[in-house]
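One-based numbering along the sequence shown.
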Amino acid sequence: MESELRRVVDALPGLVWTALPNGHIDFLNQRWCEYTGLDVAEACGQGWQSAIHPEDLLEFVQRWRSTLVSCESGEIEARLQRFDGEYRWFLFRICPIADASGRVVKWCGINIDIEDRRRSEEAMPTRWWLRAPAREGHFCSIGDGIEAHVALVTPTGEIEIVNRRALEYFGATLEEQERRSIADTVHPNDLPNFIAAWRGAVETGRPYDVEGRHRRADGVYRWFHMRGSPLRDTEGRIVFWYLLHTDVDDRKQAEALLAGEKRLLEMVASGHSMSGILEALCQLVESTACGCHCSVVLVDPCGTRLEHGAGPSLPGTFIAFINGRPVNSDSGPCGMAACLNEQVIAADIPSETRWAEWCPTALAHGLQACWSTPIASTAGKVLGSFAIYYDGPRTPTTLEQSLIERFTHIASIAVERAQNDAALRRSEAFLAEAQRLSSTGSFLVDVEKHEITLSEELYRIFELDETVPLTRELIHSRFHPEEIPFAREVLERARAGDLVVVDKELRLQMPDGSIKYVHVAAHTTRDQNGRLERIGAVQDVTERRLSEEALAKVRSELAHVARVACLGALTASIGHEVNQPLSGIITNASTCLRMLAADPPNIDGARETARRTIRDGNRAADVITRLRALFSKKDVTTEPVDLNEATREVIALLRSELQRSRVILHAELADDLPPATGDRVQLQQVILNLLRNASEAMSGVDDRPRKLVIRTEREEDNRVRLTVQDAGVGLGPQGADKLFEAFYTTKSGGMGIGLFVSRSIIEGHHGRLWAAANDGPGATFSFSIPRASEGVTNTSPAPFRGLQ
Ligand code: ADP
């Protein structure tokens, strides 16, 4: 039987062969061997390959292998070498032979000579459409294999042939499709464009290329890239239009999605409202995934409740129901997703057992599926939930999951950005409020570009209109004329790259001439790009400055009052001080007259007494000058003061009063005392006050000497000290500090301002005045002030200047 079969196979008018499931050739019929001139032994296994044209071999082997893998029939074309060396084209038809279980047990092949067909095709490859029967065959063999819609259309628009794929898409037979108009297949919005392209192509004979939507059998429109090319006969006349329509719907959708995402991100970047962005996001999702409703809910600032974000197509009553629900696993898919920070899928709400309250409400609104995904910040904090609802049960596909992931990400960007913006606005408001309360404005100057930015408060301080463009000239117009050179110098130095630091009080002059005092603290730095910029704060200290001045004036009045009060008490002693030289003058003048009246006149004696008269006159004048200096109100000057000298002058004024009070004064003035810095008259007022207080504290002392020691000495840290030590009543139990309070006095005729004023004066000199009890009886009052630094003449510290 087998040999019978073999004879049959050998006699078949074709080249027949068989192969094992692995592709190993195990049989070739006699005709095969005769044709190729190879014997069975040579050709079996891989030997047959030597008969395949070398140019075709590689592709042949690849296709043969993929046929083996597919376990399905296949066709391969290749040139096969005849025994005489000539190559002819063959079609290799290959079929699998399977056993009962479907497993391939053998491959069977037949090689058909197609040399003539190939030749004729090559002879007229591009004219096949001119022959109707060949046209159809060719068209089907090519057109049905193409993953696109292919058609041949006459120049008048009648359909000649359409490939199978296109007919399947439109759900029509060729006849039905032929009867349809273009308006039945192309989307109405794309029709004008398509018709214009077609007309233009027909008129010019040039190919056209447009995009438009084609209606599928189920009514869904999909995007196609439509191309048409003319096919001409030998005379160049157009006989057909070859149409190739490629489905680009997926690409179009991806593009639309990308454009939508871009639009959303632009909205985020340009600071659109969060609700506007979320609304647009939901609309984009709804247009991308047809038939869904989309919503965003946010977690409130306390993290406990859901707040409505957006839900353009959800019923208002359902939104109202969700709004304010707790963030927990029982409240519904959105609350649960936000609480667990996990996606929650409710694919079939009617059969859901979770969320006893939420499920019936969702169903009552016609919602049967809900997929909720948490929206998390970059730091991982849950900001809200993004939900997609469907009217029927549904589980997300992989594609839908990836869309959800993309949209949730955009939602997180939008929400985070909006929250950051709100936080920024809040902190800006805080800053503006703080600036307003502290009357402090800030500025930023781009030194190179001359760009000036002022805070709202600084506009107010400078009394500038925020709508008027800022220029350096405009800013300088607000400076007091005397300050402008300084402002210019700072700017010039900054521009030259000097990182100038300013911490200074300046004056401004407003257009109405009023003066403002501002404290400016500014420095020059470089930004991240190395550009020079000046950053600073300006505090309006006008009110403080004016009240300081008022206070200084009051103190000055007080100091004057204190001095005048002192004058009253010193009248007797001063009278004595002036009386002495005056009686000397009178005595001398009489003596002088007497000497001149003598005969002969005593000229030398008269000259001498006249000189004494002048000396006494000068002494009286000196006393008056000192008194005037001390008691007339005069401006404060700052100069190096010899404290010893100043002390001696005060002692001279007080000498007779001290004598009358039986006070024994010891002056221990340091020889090497450096000069102090300050106002001589004010310092003398302090010394006078301390000496008089010491003398008065001893007025009741009779059991011990009324010893008063005044001492000057050099201190460390470039300071000088003056001490007044008495043996008086000493400090009471009320303590030393009480004595320095204004209007504290224990004396019946006292005013209680001497020590208060003295302390103000010393503090104005950057010094300290204090009292301490002695080891024995009495008290010691001391002050310590800075010594004059080398070269200092007329500069003075600000607080001291205030005390005029
Ligand atoms: P007044 O001399 O007008 O009372 P002061 O301010 O000079 O005002 O002094 C305030 C008070 O301090 C005095 O009334 C006195 O009680 C106390 N005091 C001042 N100096 C001495 C001193 N050397 N010893 C004891 N108490 C003093």
(message) Quick check: Y744 with F756 (ring centres under 6.0 Å apart)?
(response) no
(message) Do Q685 and S758 pair up side chain to side chain, a donor and an acceptor below 3.5 Å, judged on atom types alone?
(response) no
(request) Salt-bridge test for E456 and R436: reply yes if a basic N is under 4.0 Å from a carboxylate O, no otherwise. (result) no
(request) Working to the nearest 0.5 Å, report the span between OG1 of T746 and NZ of K738. (result) 12.0 Å
(request) Tell me, with the steps shown, if L298 and L306 meet side chain to side chain contact (heavy atoms under 4.5 Å, CB included). (result) CA-CA 6 Å; L298 303 170; L306 296 177; over 6 Å; no
(request) Using only heavy-atom distances, determine whether the side chains of D540 and H519 contain a donor-acceptor pair under 3.5 Å. (result) no
(request) Give the minimum heavy-atom separation between I319 and G311, together with the two atoms involved. (result) CD1-O, 3.5 Å
(request) Compare every heavy atom of G380 with every heavy atom of N341, then report the nearest pair and how far apart it is. (result) ND2-O, 3.9 Å
(message) Please check this pair: side chain of T542 against backbone of K516, looking for a donor-acceptor N/O pair closer than 3.5 Å.
(response) no
(request) Check for a donor-acceptor pair, side chain of S385 on one end and backbone N or O of P374 on the other, with a separation under 3.5 Å. (result) no
(request) Answer yes if the side chains of T525 and H523 hold a donor-acceptor pair under 3.5 Å, and no otherwise. (result) no
(message) Salt bridge check, E428 against R425: does any charged N sit closer than 4.0 Å to a carboxylate O?
(response) no
(request) Return the orientation label for the Y390 and W371 ring planes: parallel under 30°, perpendicular over 60°, tilted otherwise. (result) tilted
(message) If I compare all heavy atoms of I349 with all of C370, which pair ends up nearest, and what's the gap?
(response) CD1-N, 4.1 Å
(message) Taking E543's backbone N and O only, do any of them form a donor-acceptor pair with S547's side chain (distance below 3.5 Å, no angle check)?
(response) yes
(message) Tell me which one of E715, R768, H766, H765 satisfies side-chain hydrogen bond (donor to acceptor under 3.5 Å, both in side chains) with S784.
(response) E715
(message) Going by side-chain contact (heavy atoms from CB on, under 4.5 Å), R787 matches just one of V641, N718, L643. Which one?
(response) N718
(request) Find the distance between CG (L458) and CZ (R478) and round it off to the nearest 0.5 Å. (result) 11.5 Å
(request) Could I get the full list of side-chain hydrogen bond (donor to acceptor under 3.5 Å, both in side chains) partners for Q419, not counting sequence neighbours? (result) none
(request) Decide side-chain hydrogen bond (donor to acceptor under 3.5 Å, both in side chains) for Q435 and T440; before the verdict, give the C-alpha distance in whole Å, the side-chain angles of both, and the deciding distance to 0.1 Å. (result) CA-CA 5 Å; Q435 290 210 347; T440 306; over 6 Å; no
(message) Within a 6.0 Å radius of atom NE2 on H409, are there more than 12 heavy atoms belonging to other residues, nucleotides or ligands?
(response) no
(message) Does either side chain, that of T524 or that of R534, offer a donor lying less than 3.5 Å from an acceptor on the other one?
(response) yes
(message) Any heavy-atom pair between the side chains of M336 and L340 that's under 4.5 Å?
(response) yes
(message) Nearest 0.5 Å, please: how far is CZ in R488 from NE2 in H476?
(response) 6.5 Å
(message) Can you tell me how the ring of W355 sits relative to the ring of W358, calling it parallel under 30°, perpendicular over 60° and tilted otherwise?
(response) perpendicular
(request) State, to 0.1 Å, how close V720 and A676 come at their nearest heavy-atom pair, and which atoms those are. (result) CG2-CB, 3.7 Å
(message) Quick one: does any side-chain atom of E639 pair with a main-chain N or O of T677 as donor and acceptor, under 3.5 Å?
(response) no
(request) Report yes or no: does R759 contribute a side-chain atom to a donor-acceptor pair with the main-chain N or O of L769 at less than 3.5 Å? (result) yes
(message) Taking the side chain as everything from C-beta on, heavy atoms only, tell me whether W770 gets closer than 4.5 Å to F781.
(response) no
(message) Tell me whether E286 contacts the main-chain N or O of C294 through its side chain, where contact means a donor paired with an acceptor under 3.5 Å.
(response) yes
(request) Using side-chain contact (heavy atoms from CB on, under 4.5 Å) as the criterion, list what pairs up with K449, not counting sequence neighbours. (result) D446, E451, R531
(request) Applying side-chain hydrogen bond (donor to acceptor under 3.5 Å, both in side chains), name anything that partners S439, two or more places apart in sequence or on another chain. (result) none
(request) Could you list all the salt bridge (Lys or Arg N to Asp or Glu O under 4.0 Å) pairs where at least one residue sits in residues 298-308, not counting sequence neighbours? (result) none
(message) Is any side-chain heavy atom of F443 closer than 4.5 Å to one of T453?
(response) no
(message) To check you understand the geometry: which heavy-atom pair defines the closest contact between A494 and V500, and what is its length?
(response) N-CG2, 3.8 Å
(message) Strictly distance-based, threshold 3.5 Å: is any side-chain N or O of E466 a donor or acceptor partner for the main-chain N or O of Y459?
(response) no
(message) Does E492, at its CD atom, have more than 12 non-hydrogen atoms belonging to other residues, nucleotides or ligands within less than 6.0 Å?
(response) yes
(request) For the pair V296 and C282, evaluate side chain to side chain contact (heavy atoms under 4.5 Å, CB included) and give the outcome as yes or no after the intermediate values. (result) CA-CA 8 Å; V296 174; C282 290; 4.1 Å; yes
(message) Set out, in order, the CA-CA distance, both residues' side-chain angles and the distance that settles salt bridge (charged side-chain N to carboxylate O under 4.0 Å, His left out) for R325 and E357, then state yes or no.
(response) CA-CA 11 Å; R325 290 191 71 73; E357 200 185 350; 3.2 Å; yes
(request) May I have the step-by-step check of side chain to side chain contact (heavy atoms under 4.5 Å, CB included) for R406 and L258, ending in yes or no? (result) CA-CA 10 Å; R406 284 163 73 171; L258 214 61; 4.0 Å; yes
(message) Would the distance check show the side chain of D512 and the main-chain N or O of S514 forming a donor-acceptor pair, the cut-off being under 3.5 Å?
(response) yes
(message) What verdict does the side-chain hydrogen bond (donor to acceptor under 3.5 Å, both in side chains) test give for Q539 and S438, after you've listed the backbone C-alpha separation in whole Å, the side-chain angles of each residue and the deciding distance to 0.1 Å?
(response) CA-CA 7 Å; Q539 187 176 22; S438 63; 5.3 Å; no
(request) Decide side chain to side chain contact (heavy atoms under 4.5 Å, CB included) for I345 and Q343; before the verdict, give the C-alpha distance in whole Å, the side-chain angles of both, and the deciding distance to 0.1 Å. (result) CA-CA 7 Å; I345 302 289; Q343 190 180 53; 3.7 Å; yes
(message) Less than 4.5 Å apart, side chain to side chain, heavy atoms only: is that true for H272 and S270?
(response) yes
(request) Output the distance between atom NE2 (H480) and atom CG (L506), rounded to the nearest 0.5 Å. (result) 11.0 Å
(request) Look up atom OG in S295 and atom CD1 in I322, then write down how far apart they are to the nearest 0.5 Å. (result) 7.0 Å
(message) Tell me which pairs pass salt bridge (Lys or Arg N to Asp or Glu O under 4.0 Å) where either residue lies in residues 498-508, with sequence neighbours left out.
(response) E482-R507, E483-R507, R493-D498, E505-R545
(request) For P326 and S331, work out which heavy atoms get closest and say how close. (result) O-OG, 2.8 Å
(request) I would like to know whether Y389 and F318 meet ring pair (Phe, Tyr, Trp, His ring centres under 6.0 Å); could you show each step before the answer? (result) CA-CA 12 Å; Y389 297 88; F318 187 67; 5.6 Å; yes
(message) Test salt bridge (charged side-chain N to carboxylate O under 4.0 Å, His left out) on R263 and E266; report intermediate values, then the result.
(response) CA-CA 5 Å; R263 248 191 342 269; E266 278 167 2; over 6 Å; no
(request) List for me each residue that meets side-chain contact (heavy atoms from CB on, under 4.5 Å) alongside T408, sequence neighbours excluded, and say none if there are none. (result) T373, I375, F386, I404
